[in-house]
Amino acid sequence: EAGVVQSPRYKIIEKKQPVAFWCNPISGHNTLYWYRQNLGQGLELLIRYENEEAVDDSQLPKDRFSAERLKGVDSTLKIQPAELGDSAVYLCASSLDADTQETQYFGPGTRLLVL
Amino acid sequence: SQQGEEDPQALSIQEGENATMNCSYKTSINNLQWYRQNSGRGLVHLILIRSNEREKHSGRLRVTLDTSKKSSSLLITASRAADTASYFCATTVSGTYKYIFGTGTRLKVLA
C-alpha cells in the first residue's frame with residue numbers, strides 16, 4: 001500500500017512568488033493534516049480536514065496561506081506571496097479518522113526555501 | 001515553555017547503550033504518542049500510550065507515562081546506529097482532536 005505522497009520534495013523560490021504543495025493521503029483516510037516544521041523545531045499544525053471540510057485552520061496565516069481538499073482526497077496548500085520566514089518543511093499527514101487513538105501517517109514533506 | 005517539550009534536546013550515545021528521552025506537557029491529555037523522524041523524512045509512529053496506562057512496551061521501546069507529573073519517557077534499549085533520528089512526543093488535549101507536537105530530541109548513536 002502506498003503511503004502519503006507529497007510533491008514536490010524540494011522547492012526554491014524568490015520572495016513574493018507563489019508556491020503550491022500537493023498531498024495525496026493514504027486511500028480511505030478521511031482526516032488530512034498539514035504541518036509546518038521549521039529547522040530543528042517541532043511541528044506546527046496549519047490545518048486539519050475531515051473529508052473535504054477544514055475543521056481546524058486556526059493556525060493557518062490566512063492572509064497568504066490557503067488550502068483545499070477537493071472531493072475529500074488530495075489536498076493542496078498554497079502560499080501567495082511567499083516570505084523569507086516561510087522557509088520550512090511542509091508535512092502532510094493522514095489518518096483513518098479524527099479519533100485521537102488513530103495513528104497519523106506522514107509524507108516525506110516538501111522542503112521550501114524562500115530567497 | 002510549550003506543550004510537549006522534549007528533554008534533552010540532543011543526545012549522543014554509543015551503540016549498545018540505552019537512550020532515555022523525556023517529554024513534559026501542560027494540559028490534560030487523551031493519549032501521548034512518540035514519533036521518530038529520520039533526517040529529511042517524514043515522521044513514523046512508534047507507540048501510543050493512553051492516559052490511563054502507565055507503561056507500554058514495543059520491541060526495544062519502553063514508554064512510561066506519569067499523568068500526575070505530566071511527563072512521559074521513551075527508553076530505547078540496546079541502541080543501534082539505525083536509531084539515529086529525532087524523536088518527538090505528541091499529545092492530544094483532552095476533549096479535543098488537537099495534536100500538539102514537541103520540539104524533539106535529536107539522538108545520535110555512534111557505531
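Within every chain, numbering begins at 1; the chains are lettered A, B, ... in the order of the sequence lines, protein sequences first and strands thereafter. A quick note: this is a predicted structure, and the numbers were derived from the prediction, not measured. Computed from heavy atoms alone, side chains included, the values below leave out hydrogens, waters and symmetry copies.
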Worksheet item: Which answer fits A:Tyr35, side chain, backbone, both or neither, if we ask what part of it has an atom under 4.5 Å from a heavy atom of chain B?
Response: side chain

Scan the side chains in residues 11-21 of chain B for donor-acceptor partners under 3.5 Å anywhere in the protein, sequence neighbours excluded, and list what turns up.
residue	atom	partner	partner atom	Å
B:Glu15	OE2	B:Ala81	N	3.1
B:Glu17	OE1	B:Gln14	N	3.0
B:Asn18	OD1	B:Ala78	N	3.0

Practice prompt. Go through the atoms of B:Gln37 and report whether side chain, backbone, both or neither lie under 4.5 Å from a heavy atom of chain A.
Written response: side chain

Worksheet item: Can you tell me if CG on A:Leu115 sees more than 12 non-hydrogen neighbours from other groups inside 6.0 Å?
Response: yes

Worksheet item: So which part of A:Thr110 gets closer than 4.5 Å to some heavy atom of chain B, the side chain, the backbone, both or neither?
Response: neither

Worksheet, complete the sentence: Sequence neighbours excluded, the answer for side-chain hydrogen bond (donor to acceptor under 3.5 Å, both in side chains) partners of A:Ser66 is none

Item to complete: Please work out which of the three classes, parallel, tilted or perpendicular, describes the rings of A:Phe106 and B:Phe101, given edges at 30° and 60°.
Response: perpendicular

Worksheet entry | Straight-line distance of B:Leu32 CG to B:Ser71 OG, nearest 0.5 Å | 9.5 Å

Name the atoms and distances for all side-chain donor-acceptor pairs under 3.5 Å in residues 38-45 of chain B, with sequence neighbours left out.
residue	atom	partner	partner atom	Å
B:Asn38	OD1	B:Arg36	NE	3.3
B:Asn38	ND2	B:Thr84	O	3.4
B:His45	NE2	B:Gln33	OE1	3.0

Worksheet item: Using a heavy-atom distance cut-off of less than 4.5 Å, which residues of residues 42-56 of chain A contact chain B?
Response: A:Gly42, A:Leu43, A:Arg48, A:Asp56

Worksheet entry | Any B:Ile76 side-chain heavy atom under 4.5 Å of B:Leu107 side chain | yes

